[in-house]
Amino acid sequence: MKKGWLKGLVALALMTVTITACGAKDDTAATTGSNSGSKAAGGKLTVYSPNAAEINNPIIKEFQDRTGITVDLISGGTGELLKRVQAETGNPLGDVFWAGGADSLESYKEYFQPYKTKEFDSLLPAYVDVNSYWTPFNALPMVITYNKELVSENELPKSWEDLLDPKWKGNIAFADPSKSGSSYTQLVTMLTAFGKEDGKGWDYVKKLVANMDGKILSGSSLVQRAVPDKEFALGITLEDAALRYIEGGSQIGIIYPAEGTSAVPDGAAIIKDSKNLEQAKQFVDFLVSKDAQELVQKEFKRRSVRKDVAPVEGLPQTGDIKLVDYNFDWAASNKDEIIKKFTRITTGQE
């Protein structure tokens, strides 16, 4: 790994967000890393990403340093950026959608170009898309986080059910799942934990929304900050986001709910009709390369999706965390209906 990566973690170059338009090529067949043609030398690439800047910037800088490819970064919420991809059908202004829950990417797969990364055989089978519309980036357990200065040890919630306690009314940070891919995954996780088929899951969600007292945040990054900043005592968030705040000195803790949680990957997908297809393939290959995965795991405490990367030190192993039976296909195919029902609940229509 080049020293530029670690240097980038300390002093990041500013990235100018620009968008260019040029001729498009129709190419919807799946390709593989081994037969995708000659490696692009230099060029440009536009990436749409809901990732936090502290993750995006050093990774993109390292990719640019290695390849000479100029990356223009467009940031926003998962839902917002996916709708942008949809709106640009036939004349995309972006090349790669990077991050956001893989279930959200799966629900928009008609807008992506299948690509089988050259690293495919090194990836854990549980996290890959067999049709290669998207490539997994990291496995992301969903957790409950709490502020140690606001929540005493003897009152810690241990489960999703404990979030219904009246003492937490209005004090639970949760993002709008129509805007946040991770929040959507959290919603489906809770539905699954209590019963997504028999209605008991929705009974739980209705009670949880009532205990949130109408406080639904507009993005997952707001949830991540809200608990360390003491705006909320509890939050429903990503494991790695909580860990970054802990390493930064925040007095917060992590709970893996007793009923079970999920560890759905986020992913990267090449946008259909990408104008910079070879550069896009290189970027996807880079994200799941062994050294990139090792450093992302080391620096950001994100769990690797590769078979040959050692587990994160100091964290419970994925096999030791109780997981719900998360039905990926169900989450993707029912996303619109689930989001609409959640919206009806939050607006008092149900």
Side-chain angles (χ1 to χ4, degrees), residues 1-10 32-34 47 49 51-52 54-67 96-103 105 115-130 132-143 181-182 185 237-247 254 256 261-270 280-323 326 328:
M1 176 62 68
K2 300 195 313 188
K3 293 180 180 179
W5 177 290
L6 294 177
K7 181 180 178 181
L9 291 172
V10 179
T32 66
S34 60
V47 174
S49 179
N51 263 337
E54 59 263 30
I55 295 174
N56 277 342
N57 291 350
I59 293 173
I60 289 176
K61 183 181 185 300
E62 176 67 12
F63 175 74
Q64 291 183 133
D65 289 347
R66 290 191 186 193
T67 64
V96 176
F97 192 105
W98 171 34
D103 42 4
L105 298 183
Y115 172 61
K116 187 175 182 179
T117 174
K118 66 182 183 181
E119 304 287 343
F120 188 89
D121 290 341
S122 296
L123 303 180
L124 290 162
Y127 297 130
V128 301
D129 171 25
V130 294
S132 297
Y133 280 98
W134 48 266
T135 299
F137 178 53
N138 295 133
L140 303 173
M142 299 301 173
V143 301
S182 59
T185 301
T237 188
L238 297 158
E239 176 191 61
D240 70 290
L243 289 169
R244 289 199 302 277
Y245 276 97
I246 291 172
E247 288 205 333
I254 293 174
Y256 299 90
T261 188
S262 61
V264 175
D266 61 350
I270 297 175
K281 292 174 182 177
Q282 280 187 250
F283 186 71
V284 171
D285 290 342
F286 168 75
L287 291 176
V288 288
S289 63
K290 185 177 181 182
D291 57 349
Q293 285 279 304
E294 286 176 337
L295 273 169
V296 167
Q297 183 164 277
K298 177 182 177 182
E299 299 296 336
F300 305 120
K301 304 300 181 185
R302 285 187 162 215
R303 296 171 187 256
S304 176
V305 294
R306 288 184 64 99
K307 302 172 184 176
D308 53 0
V309 172
V312 182
E313 293 183 7
L315 291 182
Q317 300 306 302
T318 304
D320 294 332
I321 299 173
K322 185 175 181 180
L323 299 176
Y326 193 99
F328 193 88

Student: Can you tell me how far CG of L238 sits from CG of D266, rounded to the nearest 0.5 angstrom?
Tutor: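 That separation rounds to 8.5 Å.
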
Student: Just how far is it from atom CE of M142 to atom CD of E239, taken to the nearest 0.5 Å?
Tutor: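 CD of E239 is found 10.0 Å from CE of M142.
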
Student: Whether the N138 and Y127 side chains hold a donor-acceptor pair (N or O, under 3.5 Å, no angle test) is what I'd like checked.
Tutor: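 Note: N138 and Y127 side chains miss the donor-acceptor criterion.
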
Student: Can you name the closest pair of heavy atoms from V284 and A268 and give their distance?
Tutor: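 Answer, listing the atom of V284 first, then A268: CG2-CB, 4.5 Å.
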
Student: Could you tell me the separation between the CG atom of D240 and the CD atom of E299, rounded to the nearest 0.5 Å?
Tutor: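 Going from CG on D240 over to CD on E299, the span is 13.5 Å.
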
Student: CG/L123 to NZ/K307 distance, rounded to the nearest 0.5 angstrom?
Tutor: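 Taking CG in L123 and NZ in K307, the distance rounds to 8.0 Å.
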
Student: Which residue, F63, F137, W134, forms the ring pair (Phe, Tyr, Trp, His ring centres under 6.0 Å) with W98?
Tutor: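 Only one of F63, F137, W134 forms a ring pair (Phe, Tyr, Trp, His ring centres under 6.0 Å) with W98, namely F137.
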
Student: To the nearest 0.5 Å, what is the distance between OG1 (T185) and CG (L140)?
Tutor: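 Spacing of OG1 (T185) from CG (L140) equals 8.5 Å.
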
Student: Are side-chain N/O atoms of D320 and Y256 paired as donor and acceptor at under 3.5 Å?
Tutor: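 Side chains of D320 and Y256: no pair found under 3.5 Å.
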
Student: With rounding to the nearest 0.5 Å, note down the distance linking CZ in F300 to CG in N51.
Tutor: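 The distance works out to 9.0 Å.
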
Student: Salt bridge or not between R66 and E62? Use side-chain N to carboxylate O under 4.0 Å.
Tutor: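 A salt bridge is present here (some side-chain N lies under 4.0 Å from a carboxylate O).
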
Student: Counting N and O atoms only, with roles assigned by atom type, does the side chain of R303 sit under 3.5 Å from a partner on the main chain of Q297, one being a donor and the other an acceptor?
Tutor: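 Answer holds: no.
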
